[in-house]
There are 2 protein chains.
Amino acid sequence: MTVTLADVAARARVSPATVSRVLNGNYPVATSTRERVLRAVDELDYVLNGPASSLAAATSDLVGILVNDIADPFFGILAGAAQTAIGEGTSGRAGGEKLAVVCNTGGCPERELTYLTLLQRQRAAAVVLTGGAPEDPDHLTAMAAKLGKLSDAGTAVVLCGRPPVSGGAVTATLAFDNRGGGRRLTEHLVSLGHRRIGYVAGPTERTTTRHRLEGHRAALEAARAADAASGGAGAAGSAPEDQERLTIHGLYDRRSGYDATLELLRRDPGLTAVVAANDTVALGACAALRDLGLRIPEDVSVAGFDDLPFAVDAVPALTTVRLPLHEAGVRAGRLAMGREAPPPGGIATIGAELMARASTAPPRKDSPRTTIPISSGCG
Amino acid sequence: MTVTLADVAARARVSPATVSRVLNGNYPVATSTRERVLRAVDELDYVLNGPASSLAAATSDLVGILVNDIADPFFGILAGAAQTAIGEGTSGRAGGEKLAVVCNTGGCPERELTYLTLLQRQRAAAVVLTGGAPEDPDHLTAMAAKLGKLSDAGTAVVLCGRPPVSGGAVTATLAFDNRGGGRRLTEHLVSLGHRRIGYVAGPTERTTTRHRLEGHRAALEAARAADAASGGAGAAGSAPEDQERLTIHGLYDRRSGYDATLELLRRDPGLTAVVAANDTVALGACAALRDLGLRIPEDVSVAGFDDLPFAVDAVPALTTVRLPLHEAGVRAGRLAMGREAPPPGGIATIGAELMARASTAPPRKDSPRTTIPISSGCG
DNA sequence: CTGTTAGCGCGTTCAC
DNA sequence: GTGAACGCGCTAACAG
């Protein structure tokens, strides 16, 4: 029923080994022989048996790319770039082709491990982990162990947009400078004159969330110190207690931005700016402000993170922090394929660039609001 | 070095066959024996060898989900839903777990076939093809043949958001009513009084593009007929020649919407509405109009398609056509796993619902513009 | 450059 | 309910 390598060999009047060599192209074969074999392959419409060849070779051409949320363009761009970089190795017919494949963990630690096990089971050639990692200690050790085993089994492990793992059994790590980006973003707001700034953070126990928030707080802290030194006016709102009160955690989605912004303004109607964990959340924040009848940036400034394609199309255009997602994805793919040398120390930090746009401006000069308008409702 | 089934068997003092039976859970095994085996598995930290088991069983637990553009939330939502539905079969430890995996074709026919071959090679349990299909005749036959072979090899083939394939060797087809949705959308504009409507279409030779455009044209044609019957005023702009002139093809991205809108207004400064191939393109169209100093919807109405999450956050909120992406993805996943009966005839059409929002309104009553404002520049 | 020979690790008959 | 043997289809040494 199903055509095997032996059938092709018989038709081409060569040995199975020769057919294998032609198909894998990793061994010298006479041109005439190769042509004969390829013709037989076409005539018989032969398709290599992946499992059999993986079994014999003790490695497969599967490459897994793990993402936290496949519906989020942040991961789509990263994964697409990596997948392209991985696929573009050898041209022509499907030989030497890697099967680059993306797995959606939903940010769930268990699913992350499950996928890794599944990939390990398939003897994957490489694994690329993207985006922020859960910070639960147990999960961290479990991950370090799992990555170590993958490494031992010959699977290349690349981290992209994810902080280094302690174990270190990793081929390469491409970390985003989330802390620096977060800091520069809030410094920008501070320099515009903002002091009462609300922060809509991502899920707790996620590295990305923590790092961006830390950058934000560092900038506020610096501003407070500077304000105090220079006479103290306007320092209200950046005291540590306030920072805690003006931070709300939620998912990385628009809903979270919407709800949290409403709540932030309830807690402090005098807020002059809202910083969101990412652009999608920022969009939700904008929607909430509009529904409250507040103008952006005249009444409240808004900023995001990532600089996804839609950020520039927001109205007003969103101030955010640009992460070179495409470039990072490509590099991760090449690293996974061993087509690029790992950075010194195995770790590279990728810069985050402030994109100041129209959604941020100096705060209103007049006295701060003490009440907020009636909501006009929205979901 | 690597732990095998035999090692586990030895440790548990049973035969390899018994271990296999425990792991696959498809055969009666005494409880005490099972526990002993499972303990040995844990102690040895054994991971099944996927290729070996696929080879022996002549089937694998890999399920491929093909998407045209992984960076587009349209596909992200679809794929995420399908992946979840596929994964949630069996709980607990990774046994019976399917490895649902998404492959990014970039809408490129060759890569589509390559991925299918790669999946065929892996003896994938199922394949889900999502979104519009290329319409090149050669590719169509090649696809039909390839899907036929996959089917023959026992791979379930499910189409989701993609029109039925002629060959018919497909487990189930979930088609979106793109034509109906497109028609209702333009009917909405017509009923508001629009007659000079620009259309920013997707890539040519793509089913989705064609169907949405056909719906649009059908609505315009109907309007023209009605106008003619009722006295004829205002029918300008919907004559077939004009329709051709007022249609511009491009990619499904914001850039395309931006550029095409500029060009459309150059061709007909009196345009009162722009319909975009999807929401992302519509966002680009909005940006172009804003940069031209035109107001939405007062000067020009804009509409999209898909109702992606950001559509409601656009300013003004985008009129669009809602496709139940999540539901469709879940259903596709269940169909692929044989966990749901295929619809009668194997084909189900999924409805598309008009979402009339603030980006569309009646056209201005005063005389049509004949020139357009100076562009303020943008990218 | 090409053929021959052994397994790769597991699922699946069969017997018991 | 359990064990023994065989073979899935291919690649990787070796020879030649």
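In what follows, every chain begins at residue 1, and chains take the letters A, B, ... in the order their sequences are listed. These numbers come from the heavy atoms of this one structure, side chains and all, not from hydrogens, waters or symmetry mates. Every value quoted in this text rests on a predicted model; they were computed, and no experiment measured them.
- One atom, CG of A:Asn49, and another, C1' of C:dG9, lie 14 Å apart when rounded to the nearest Å.
- Under the side chain to side chain contact (heavy atoms under 4.5 Å, CB included) criterion, A:Ser15 pairs with A:Ala17, A:Thr18, not counting sequence neighbours.
- Where A:Pro51 and B:Arg36 each meet DNA chain D at their nearest nucleotide, the meeting point lying more 5' is that of B:Arg36.
- Per the geometry, CD belonging to A:Gln122 stands 14 Å off C1' belonging to C:dG9, to the nearest Å.
- Pairs passing the salt bridge (Lys or Arg N to Asp or Glu O under 4.0 Å) check and including a residue from residues 45-59 of chain B, sequence neighbours excluded, read A:Lys149-B:Asp45.
- Scored by the side chain to side chain contact (heavy atoms under 4.5 Å, CB included) test, B:Ala30 finds B:Ser32, B:Thr33 as partners (sequence neighbours excluded).
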Please encode protein proximity along nucleotides 11-16 of chain C as a string of B, S and -, counting only heavy-atom distances under 4.0 Å. SBB---
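- With rounding to whole Å, B:Asp7 atom CG is found 14 Å from C:dC8 atom C1'.
- When distances run from any side-chain atom of A:Thr4 to the nucleotides C:dT2, D:dG9, C:dG9, the shortest one goes to D:dG9.
- Residue B:Leu55 contributes atom CG, which lies 14 Å from atom P of D:dG7 at whole-angstrom precision.
- Between D:dG1, D:dG3, C:dT2, one nucleotide has an atom nearer to the side chain of B:Val14 than all others, and that is D:dG3.
- Within the 4.5 Å cutoff, no side-chain heavy atoms of A:Asn49 are placed close to those of B:Arg121.
- Legend: residues meeting side chain to side chain donor-acceptor pair (under 3.5 Å) with B:Arg123, ordered by chain and number and at least two apart, are absent.
- In terms of the salt bridge (charged side-chain N to carboxylate O under 4.0 Å, His left out) criterion, A:Glu205 has no residue partners (sequence neighbours excluded).
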